Amino acid sequence: MEKTAKDYVVFPLDFASIEEAKSYVRLLDGHVGMFKIGLELFIDQGPLVVAMIRKLSTAKIFLDLKLHDISATVKRAMGRVADLGVDLITVHCACARMLEMAVEGGQGKTGVLGVTLLTDNDAKTVEAGGFKEQFVNDPNELVLVRAGMAHAAGCAGVVCSGREVAQVKKAFGRDFLAVTPGIRPVWSLLENDDQKRVTTPAQAVQQGSDLIVIGRPIRDAADPVLAARKVIQEIEAVIGR
Ligand code: C5P
């Protein structure tokens, strides 16, 4: 089936209770392509959240657990993830072997997205983390090295900022997914926003982003469905359908 503008939109279920999450899944079913489950809800409710989404929606499911452990443990955990029937999961790009084992454990049922460098890092934290001077001077280079690890390990793609998408796509090809958070439509610039290096949905998709994670601009809108539709229209204007 041809990808439509809706399929680009990932809505994070950043809620403390399953009831709230459920109400947004009901509301946004048919208006977003994927729901993302984060640590807060998964730690509280576990696989029940996955079952709830599958029951109420046909959207895809992205489990954002950002795994990082010894390869054997990650492989075993990925076996359980694959059985849950989620489409995507995140694993830190910390070690090639761990990424390979994550992909193997996913058995082709769950795609692995590498987390390159968390966006709350900067030159200072990269230096404090013991990285080479070249990466301290240019953390972007570290993003590309790590995306390369994910690509070589057979991952489905990476999570990166909208400003890195073009480089990632150029280096690893169009089939390697680039998933971008930090999305702010021009109509939604939030006061005291904690997302600093933001891009609009149109900019991200123009740069080559395959999936955009967009939470608060939809969640906190007076009419979340209308907000999602505005995002979709913005993407339609770029992709032409
Ligand atoms: O659009 P909003 O800022 O509300 O989206 C926040 C979501 O995106 C959260 O689920 C957060 O975990 C995720 N995220 C992020 N920045 C990253 C990676 C993921 O905000 N670099």
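Atom set for the values below is all heavy atoms of this structure, side chains included, hydrogens, waters and symmetry mates excluded. Note that ligands are numbered from 1 as they come in the structure, with each ligand's atoms numbered from 1 the same way. We count residues from 1, following the sequence as given. Treat the numbers as computed from the prediction; the structure is a model and nothing was measured.
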Can you tell me how far CG of Leu177 sits from CG of Leu88, rounded to the nearest 0.5 angstrom?
6.5 Å
Rounded to the nearest 0.5 Å, what separates atom CG in Asp220 from atom OG in Ser188?
10.0 Å
By number and element, which atoms of ligand 1 are closer than 4.0 Å to a non-hydrogen atom of Val213?
8 (O)
Examine Lys60 relative to Phe35 and say whether NZ or CZ is less than 6.0 Å from the centre of the six-membered ring and inside a 45° cone about the ring axis.
no
Would you call the rings of Phe176 and His151 parallel, tilted or perpendicular, where under 30° means parallel and over 60° means perpendicular?
perpendicular
Any N or O of Arg184 closer than 3.5 Å to N or O of ligand 1:
yes
Are Asp14 and ligand 1 in contact, using a heavy-atom cut-off of under 4.0 Å?
yes
Salt-bridge criterion met for Asp210 and Lys169 (N-O under 4.0 Å)
yes
Decide whether an N or O pair under 3.5 Å exists between Gly215 and ligand 1.
yes
What atoms in ligand 1 come closer than 4.0 Å to a heavy atom of Arg216?
1 (O), 2 (P), 3 (O), 4 (O)
